[in-house]
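Only heavy atoms go into these numbers, but all of them, side chains included; no hydrogens, no water, no symmetry mates.
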Amino acid sequence: MKNKNMFDISDFVGVETIQVVKHNLINIFKLRRKESRMTQRLLSQMSGVSYASVRRFETSGDISFASLLKLSEALGLLLEFNQLFSRPIIKDIRRGK
């Protein structure tokens, strides 16, 4: 979460920032956990990730990548990671490459 005394550029214009992406990821993750009818404690037990880490992730977004993968696996969302970075990088707009 961002400090209440700090501004993020996304407060003024529609751009993706680390804060925006983190906030969206936390909200989607919580929604998926609740759709699965799992409490934070149950998710912790099923994933092997500590309860404190689950709580910290859902409040601040702080978590190790390995723990995020474990949580995602417990929720049946591991395949979602295959979509990360799947779009090609366009280096030259004129050629589309």
Side-chain angles (χ1 to χ4, degrees):
M1 293 293 166
K2 66 182 173 181
N3 182 327
K4 292 180 184 191
N5 294 326
M6 294 180 65
F7 291 101
D8 185 281
I9 192 168
S10 65
D11 293 336
F12 306 101
V13 293
V15 297
E16 293 295 316
T17 65
I18 291 172
Q19 291 83 3
V20 169
V21 171
K22 186 187 286 190
H23 176 77
N24 291 342
L25 180 62
I26 291 167
N27 287 337
I28 291 168
F29 183 85
K30 282 188 211 179
L31 178 64
R32 295 294 176 255
R33 177 180 59 76
K34 290 175 181 179
E35 288 173 344
S36 297
R37 300 180 190 258
M38 280 195 209
T39 63
Q40 290 176 335
R41 285 206 188 275
L42 180 58
L43 180 57
S44 169
Q45 292 168 352
M46 291 185 69
S47 66
V49 175
S50 74
Y51 172 65
S53 291
V54 174
R55 282 187 48 189
R56 184 173 49 252
F57 173 60
E58 288 195 6
T59 56
S60 70
D62 293 334
I63 194 164
S64 74
F65 186 66
S67 292
L68 181 57
L69 290 173
K70 289 177 185 179
L71 294 175
S72 299
E73 182 177 40
L75 290 173
L77 300 172
L78 197 56
L79 289 177
E80 299 290 321
F81 285 91
N82 288 332
Q83 306 228 351
L84 289 176
F85 316 116
S86 61
R87 288 196 263 169
I89 296 173
I90 297 175
K91 295 181 182 178
D92 186 345
I93 280 185
R94 293 171 290 194
R95 296 182 190 181
K97 296 182 180 185

Checklist entry - Any salt bridge (Lys or Arg N to Asp or Glu O under 4.0 Å) pairs touching residues 71-88, not counting sequence neighbours? => result none
Checklist entry - Can you name the side chain to side chain donor-acceptor pair (under 3.5 Å) partners of Arg32, sequence neighbours left out? => result Glu35
Item to check | same_hphob_cluster(Leu84, Leu68) at 4.5 Å side-chain heavy-atom cutoff | outcome: yes
Checklist outcome for this item: Output for pair (Phe29 CZ, Leu77 CG), nearest 0.5 Å, gives 7.5 Å
Item to check | Nearest-0.5 Å distance that lies between atom NZ in Lys30 and atom OG1 in Thr59 | outcome: 7.5 Å
Item to check | Pair listing, side chain to side chain donor-acceptor pair (under 3.5 Å) test, anchored in residues 62-72, at least two apart | outcome: Ser60-Asp62, Ser64-Ser67
Item to check | Set of salt bridge (Lys or Arg N to Asp or Glu O under 4.0 Å) partners for Arg56, sequence neighbours left out | outcome: none
Checklist entry - Looking at residues at least two apart in the chain, or sitting in another chain, which of them share a ring pair (Phe, Tyr, Trp, His ring centres under 6.0 Å) with Phe85? => result none
Item to check | Hphob cluster co-occupancy, Leu78 + Phe65, side-chain heavy atoms under 4.5 angstrom | outcome: yes
Using distance only, find each side-chain donor-acceptor pair of residues 39-52 under 3.5 Å and give its atom names and separation, not counting sequence neighbours.
from: Thr39; atom 1: OG1; to: Arg41; atom 2: N; distance (Å): 3.4
from: Thr39; atom 1: OG1; to: Leu42; atom 2: N; distance (Å): 3.0
from: Gln40; atom 1: NE2; to: Glu58; atom 2: OE1; distance (Å): 2.8
from: Ser44; atom 1: OG; to: Val49; atom 2: O; distance (Å): 2.6
from: Ser44; atom 1: OG; to: Tyr51; atom 2: N; distance (Å): 3.1
from: Ser47; atom 1: OG; to: Leu43; atom 2: O; distance (Å): 2.8
from: Ser47; atom 1: OG; to: Ser44; atom 2: O; distance (Å): 3.4
from: Ser47; atom 1: OG; to: Val49; atom 2: N; distance (Å): 3.2
from: Ser50; atom 1: OG; to: Ser53; atom 2: N; distance (Å): 3.1
from: Ser50; atom 1: OG; to: Ser53; atom 2: OG; distance (Å): 2.9

Next on the checklist: So which atom in Phe57 and which in Ile26 form the shortest heavy-atom distance, rounded to 0.1 Å?
Outcome noted: O-CG1, 3.6 Å
Next on the checklist: Please determine whether residues Phe81 and Ile63 belong to a single hydrophobic cluster, defined as Ile, Leu, Val, Met, Phe, Trp and Tyr linked transitively by side-chain heavy-atom distances below 4.5 Å.
Outcome noted: yes
